[in-house]
Amino acid sequence: MPLPTFVFDLDMTLLDTSALHKSRDRRDWGYVSDNLHLARPFKANSTLRPHELPAKLRELGHLVAIVTSSPRWYAEALLNRFKVPYDALVANRDTKERKPHPAPLKKALKQLGVKASSTYYVGDTKEDFEASFRAGIRSIGAGWSPGVASLWRTAPDILLYDASLLARPELLPRLGYIAEVRATGLRPHIHQGSVLQCGRRRVALGRYFPSADVRHENHLLTRRILQLKKEDDPARRIGASLALYITKLMKKPPTYVTSVPPKPSQTRNRFVAVISHMRIKVPNVKARLKGMRCLREVGDYKYSAHASRRALVKGAFRSRPTWSNKSVLLVDDVLTSGATTDECTRVLTKSDARVRTACITATQLPFSLHECPRCGIGILKSRSGRFGQFWGCSRYRRGGRGCGYTRNSAPK
């Protein structure tokens with residue numbers, strides 16, 4: 001297999017240019033030109049600082065490109081100033097389109113003569129990650145850049161806080177989020193970015209792509225989550241992912257683990273098998289699967305706006321035991337608005353528990369919503385039919401009502 005190729009964004013990825021941010025946004029390039037000295041290397045949080053990565057990777061035999069939306073003169077000045085080598089540079093106006101359009105990345109690949117499938121793009125914004133996906137390149141989030149961790153709803157394929165991990169490309173297939181790597185059958189290499197920080201005291205072990213997202217049908221963990229709603233086959237690997245989070249990333253294992261409870265109409269708790277497999281690895285953590293109870297059905301929750309979901313679930317749960325000020329890990333499968341886990345946390349805390357939440361996945365905002373070309377109102381969503389996967393209008397209804405537009409392949 002060929003050595004992977006690395007493409008880097010410039011601003012706030014290789015170099016800390018925050019002092020020039022406002023003037024760059026205003027396109028005040030005269031001020032920028034006079035103040036290039038305000039650009040700084042990122043502080044070292046590892047053996048390699050980000051701007052030192054291109055030289056190290058080229059030393060190891062990898063091709064390196066820089067793709068930036070800034071002018072070429074600006075990019076060349078900074079790269080020369082900090083002695084950052086590269087094999088190709090694509091700057092503003094080198095292509096008609098800018099990120100998140102994939103054209104700049106595709107131009108870099110063409111200049112290097114490499115394939116997208118063997119390339120990684122390191123960036124710090126949603127636009128970087130979307131451009132990467134549209135170009136067929138795996139994205140890496142520059143966790144050393146302020147604000148990247150807050151992009152957990154538009155997360156990259158890999159999130160790195162330690163820049164030096166990029167100098168170990170043999171680890172790349174195992175550097176993704178715990179549950180996503182485990183879903184492929186590999187053992188994750190645990191690091192700070194192995195989970196997504198989704199607010200205070202809440203993490204996700206991977207990403208979930210809704211059916212309106214073009215990534216939905218090819219994402220293995222998303223399929224496993226949907227499968228878990230009906231059967232226990234995915235529970236072993238998901239339980240192992242949860243155990244890895246507890247043993248490797250929690251400072252201290254919880255005393256108890258419980259889950260968001262099933263609705264009264266549901267006879268199956270999909271977390272029973274998951275937590276059973278988790279406890280094989282961490283038997284000292286006690287399971288209290290009946291520690292929470294759902295008191296009533298929550299109607300139309302899935303189709304309600306995020307802002308109204310908190311009102312719908314308020315008072316819907318009860319904690320049976322008193323937790324005696326012990327630590328409790330609350331488990332859920334998909335984090336979307338956070339209303340359900342927040343309400344469960346409130347109830348558990350009121351019952352004298354110290355709560356952290358681990359969601360198997362966090363719902364991602366679609367990179368692009370594709371309008372139905374027939375009705376212009378609905379959006380195209382991934383669906384399953386008698387003959388396999390297809391894409392259809394969200395306004396389709398059984399019995400032929402609504403819009404019946406379909407296509408076999410994912411929209412571009």
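Count residues from 1 along the sequence.
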> Asp94 and Lys107: salt bridge (charged side-chain N to carboxylate O under 4.0 Å, His left out), yes or no, with the steps?
Replying inline: CA-CA 9 Å; Asp94 287 346; Lys107 185 176 182 68; over 6 Å; no
>> Evaluate Lys43 against Asp16 for salt bridge (charged side-chain N to carboxylate O under 4.0 Å, His left out), listing each step before the verdict.
In response: CA-CA 9 Å; Lys43 292 181 180 179; Asp16 181 354; over 6 Å; no
>> Go through it in stages, so that I can follow the logic: the residues are Arg24 and Ser70, the test is side-chain hydrogen bond (donor to acceptor under 3.5 Å, both in side chains), and I'd like the CA-CA distance, side-chain angles, deciding distance and then a yes or no.
In response: CA-CA 8 Å; Arg24 287 176 55 245; Ser70 294; 3.3 Å; yes
>> Using the rule given for side-chain contact (heavy atoms from CB on, under 4.5 Å), can you reason through Ser241 versus Ile178, listing the C-alpha separation, both sets of side-chain angles and the distance that settles it, and then say yes or no?
In response: CA-CA 6 Å; Ser241 302; Ile178 290 177; 3.5 Å; yes
>> side-chain contact (heavy atoms from CB on, under 4.5 Å), that's the test. Do Tyr177 and Val195 meet it? Break it down for me.
In response: CA-CA 5 Å; Tyr177 309 109; Val195 296; 6.0 Å; no
>> Could you walk me through whether Asp157 and Ser139 satisfy the side-chain hydrogen bond (donor to acceptor under 3.5 Å, both in side chains) test, starting with their C-alpha distance in whole Å, then the side-chain angles of each, then the deciding distance to 0.1 Å, before giving a yes or no?
In response: CA-CA 5 Å; Asp157 296 316; Ser139 58; 3.3 Å; yes
> Passes side-chain contact (heavy atoms from CB on, under 4.5 Å), Cys198 versus Cys359? Steps please.
Replying inline: CA-CA 9 Å; Cys198 307; Cys359 298; over 6 Å; no
>> Please determine whether side-chain contact (heavy atoms from CB on, under 4.5 Å) holds for the pair Thr255 and Val328, giving the CA-CA distance in whole Å, both sets of side-chain angles, and the decisive distance to 0.1 Å.
In response: CA-CA 6 Å; Thr255 304; Val328 176; over 6 Å; no
>> Test side-chain hydrogen bond (donor to acceptor under 3.5 Å, both in side chains) on Thr341 and Asp332; report intermediate values, then the result.
In response: CA-CA 7 Å; Thr341 53; Asp332 199 4; 5.5 Å; no
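Atom CZ of Arg187 has 12 or fewer heavy atoms from other residues, nucleotides or ligands within 6.0 Å. Heavy-atom neighbours of Arg318 CZ from other residues, nucleotides or ligands within 6.0 Å: at or below the threshold of 12. At most 12 heavy atoms of other shown residues, nucleotides or ligands fall within 6.0 angstrom of atom CG in Asn408.
Of all heavy-atom pairs between Phe129 and Leu151, the closest is CE1-CD1, 4.0 Å. Here the shortest heavy-atom pairing between Val298 and Ala316 reads CG2-CB, 4.2 Å. When all heavy atoms of Leu175 and His189 are compared, the closest pair comes out as CD2-CD2, 3.7 Å. Nearest heavy atom pair, residue Leu78 against residue Ala39, reads CD2-CB, 3.7 Å. Contact between Trp144 and Tyr161 at its shortest, heavy atoms only, is CE3-O, 3.9 Å. Across Leu112 and Ala65, no two heavy atoms sit closer than the pair CD1-CB, 3.8 Å.
Here the side chains of Asp9 and Lys99 are in contact, with some heavy-atom distance below 4.5 Å. In this structure, the side chains of Thr68 and Asn92 stay at 4.5 Å or more apart for every pair of heavy atoms. The shortest side-chain heavy-atom distance between Asn269 and Ser259 falls under the 4.5 Å cut-off. With contacts defined as side-chain heavy-atom distances shorter than 4.5 Å, the pair Phe8/Val67 does not qualify. Looking at Pro262 and Cys294, their side chains never come closer than 4.5 Å, going by heavy atoms from C-beta outward.
For residues 233-271, every residue pair satisfying the ring pair (Phe, Tyr, Trp, His ring centres under 6.0 Å) rule, not counting sequence neighbours, is listed here: Tyr256-Trp323. Among residues at least two apart or in separate chains, there is no side chain to side chain donor-acceptor pair (under 3.5 Å) pair with a member in residues 275-286. Counting only residues at least two apart or on different chains, the salt bridge (charged side-chain N to carboxylate O under 4.0 Å, His left out) pairs with a member in residues 111-127 are Lys126-Glu130. Sorted by first and then second residue, the salt bridge (charged side-chain N to carboxylate O under 4.0 Å, His left out) pairs involving residues 231-242 (not counting sequence neighbours) are Asp232-Arg268. A ring pair (Phe, Tyr, Trp, His ring centres under 6.0 Å) check over residues 204-223, counting only residues at least two apart or in different chains, returns the pairs Phe209-His219.
Checked against ring-ring contact (aromatic ring centres under 6.0 Å, His included), Trp391 has no partners two or more places apart in sequence or in another chain. Checked against side chain to side chain contact (heavy atoms under 4.5 Å, CB included), Val257 has the following partners two or more places apart in sequence or in another chain: Ile275, Met278, Val285, Ala287, Leu329, Val331. Every side-chain hydrogen bond (donor to acceptor under 3.5 Å, both in side chains) that Arg310 has, sequence neighbours left out, goes to Asp342. Looking at residues two or more places apart in sequence or on another chain, you find a side-chain hydrogen bond (donor to acceptor under 3.5 Å, both in side chains) between Asp162 and Ser46, Ser164. Partners of Thr95 under the side-chain hydrogen bond (donor to acceptor under 3.5 Å, both in side chains) rule, at least two apart in sequence or in another chain, do not exist in this structure. Applying the side chain to side chain contact (heavy atoms under 4.5 Å, CB included) test to Arg153 and every residue at least two apart in sequence or in another chain returns Leu365.
A donor-acceptor contact closer than 3.5 angstrom links the side chains of Ser265 and Glu297. For the residue pair Arg201 / Thr357, no side-chain donor-acceptor distance below 3.5 Å is found, with atom types taken as modelled. With hydrogens and angles left out, the side-chain atoms of Thr363 and Thr336 include a donor and acceptor closer than 3.5 Å. Side-chain contact of Tyr74 with Asp11: a donor-acceptor pair under 3.5 Å is present, judged by distance alone.
Looking only at distances, no side-chain donor or acceptor of Ser324 sits under 3.5 Å from a matching main-chain atom of Lys326. Between the side chain of Ser145 and the backbone N or O of Val148, no donor-acceptor pair lies under 3.5 Å. Proximity of a side-chain donor or acceptor of Arg309 to a complementary backbone N or O of Gly338 within less than 3.5 Å is not detected. A donor-acceptor distance shorter than 3.5 angstrom exists from the side chain of Ser150 to the backbone of Gly147, with no hydrogens or angles considered. Under a 3.5 Å cut-off, the side chain of Gln192 and the backbone N or O of Leu160 do not form any donor-acceptor pair. When atom types are taken as modelled, the side chain of Thr258 and the backbone of Arg288 share a donor-acceptor pair closer than 3.5 angstrom. Checked by atom type and distance alone, the side chain of Gln197 never pairs as donor or acceptor with a backbone atom of Trp152 at under 3.5 Å.
The line from CG of Leu244 to CG of Leu205 is 9.5 Å long, rounded to the nearest 0.5 Å.
By the 4.0 Å N-to-carboxylate-O rule, Arg207 lies close enough to Glu180 to be salt-bridged with it.
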Under 3.5 Å, sequence neighbours excluded: what are the donor-acceptor pairs made by side chains of residues 47-55?
from	atom 1	to	atom 2	distance (Å)
Glu52	OE1	Arg49	N	2.9

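Annotation: cation-pi geometry satisfied between Arg215 and Phe133 (NZ/CZ under 6.0 angstrom from ring centroid, within 45° of ring axis).
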